[in-house]
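Worksheet for the structure shown next.
Labels below follow one simple rule: chain letters A, B, ... track the order of the sequence lines, proteins then strands, and each chain is numbered from 1.
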There are 2 protein chains.
Amino acid sequence: MVVKVYGPEYASTKRVILALVEMGIDYEVVKVDLFKGEHKTPEFLKLQPFGVVPVVQDGDYTLYESRAIIRYYAEKYKSELLGKTIEERGLVEQWLEIEAHNFHPLVYDLVVQVLFNPKLGIPTNLERVKEDDEKLARVLDVYEERLSQSKYLVGDSFTLADLSHIPFTQFLGSLGKEHLLRDRKHVSAWWDDISSRPSWKKVHELYPAPI
Amino acid sequence: MVVKVYGPEYASTKRVILALVEMGIDYEVVKVDLFKGEHKTPEFLKLQPFGVVPVVQDGDYTLYESRAIIRYYAEKYKSELLGKTIEERGLVEQWLEIEAHNFHPLVYDLVVQVLFNPKLGIPTNLERVKEDDEKLARVLDVYEERLSQSKYLVGDSFTLADLSHIPFTQFLGSLGKEHLLRDRKHVSAWWDDISSRPSWKKVHELYPAPI
């Protein structure tokens, strides 16, 4: 059974596709055009009642929320991506939460302010951009400290905690903010490492648009 | 080894204590007074570099982020709280994410606007309260639909997906918004059921303040 992924070219969906590619799981995509409102049709809302991508359909099993989906497939096919022990798994969960609550909202807001709003004719809120920028720098200082102690966010192996960061971290280049990575030696080396994985190279080539 | 929980009377920490009580795990609390800035001391920042509660220390293992902590202890001591099959676990993860991204931010914002700001001399943004209210109603419509199909968010057993909602749902009373639950038959029955568990009764009695 081929996994059907609804998206596919948005960053949260790329988190899912990246995980599937990383685990060698076959998938096919169903295009949902957010700019045409295809995520708000009655048909789509039956699949995902909050009207957002991604969603996967795997036979008669339907699942949404990208970070739930990547955990599900790792649990099923490659549990080492969730850590090798219960204690490591706890830390993978901790860093998945940090990504979701401390890292992602700032990058997402920058994307909206700097990349989307000008296209929609909405003025960029420069004060907010400055605030996000400063907050993101402080968040990445914590990452720098962590990555000075281990190659990946949890120990010496790549896990979902690292994977989950990739699609939105890629945006920092388009935002003109790659210096936030490059100014931090260990964060910079970590980004070079995780972004050069064949899985991300493939996904980034398939869906290069920074949206 | 008794688990040390830093908090303890804030809602996110109560999520952790509730899980520990539910699993019969001994714990002791370390009071961190946010109003005195005790979460920003160099000593606390060594434990939790983002300066927020909760944190647990379990021997030499330190973990933060409430939803990571509850997963860790369930994994270790009561995995059925994470679902009985891999497919159920996927859905538990999905509903943990929905709680974190669709439900929690709205209730949290209402708490800040309606309960905290007046105490801090900051005017309540009434337009934002109205927006949050409307959004929360739409979110709970999705819950109503879900809970019309199964007793709990995932199947017929109480899981972390339900547990994770309890401390912030309790706020709806203090906010004068309990009607959001009571107007929805299945949500209302679900709330009666999960909030009457002995574990929550104990935690709510220990830390009744609605903060």
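Looking at Val139(B), the atoms closer than 4.5 Å to chain A (heavy atoms on both sides) sit in the backbone and in the side chain alike. Using a 4.5 Å cut-off between heavy atoms, Val92(A) does not touch chain B at all.
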Distance-only donor-acceptor pairs under 3.5 Å across chain B and chain A:
{"unit_1": "Tyr61(B)", "atom_1": "OH", "unit_2": "Glu87(A)", "atom_2": "O", "d": "2.5"}
{"unit_1": "Tyr64(B)", "atom_1": "N", "unit_2": "Gln94(A)", "atom_2": "OE1", "d": "3.0"}
{"unit_1": "Arg71(B)", "atom_1": "NH1", "unit_2": "Glu97(A)", "atom_2": "OE2", "d": "2.8"}
{"unit_1": "Tyr72(B)", "atom_1": "OH", "unit_2": "Glu87(A)", "atom_2": "OE2", "d": "2.5"}
{"unit_1": "Lys76(B)", "atom_1": "NZ", "unit_2": "Glu87(A)", "atom_2": "OE2", "d": "3.3"}
{"unit_1": "Glu87(B)", "atom_1": "O", "unit_2": "Tyr61(A)", "atom_2": "OH", "d": "2.5"}
{"unit_1": "Glu87(B)", "atom_1": "OE2", "unit_2": "Tyr72(A)", "atom_2": "OH", "d": "2.5"}
{"unit_1": "Glu87(B)", "atom_1": "OE2", "unit_2": "Lys76(A)", "atom_2": "NZ", "d": "3.3"}
{"unit_1": "Gln94(B)", "atom_1": "OE1", "unit_2": "Tyr64(A)", "atom_2": "N", "d": "3.0"}
{"unit_1": "Glu97(B)", "atom_1": "OE2", "unit_2": "Arg71(A)", "atom_2": "NH1", "d": "2.8"}

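Annotation for Ala68(B) and Gly90(A): closest pair CB-O, 4.2 Å, computed over non-hydrogen atoms.
When each of Ile86(A), Leu96(A), Val52(A) is scored by its heavy-atom pairs under 4.5 Å with chain B, the top score falls to Ile86(A).
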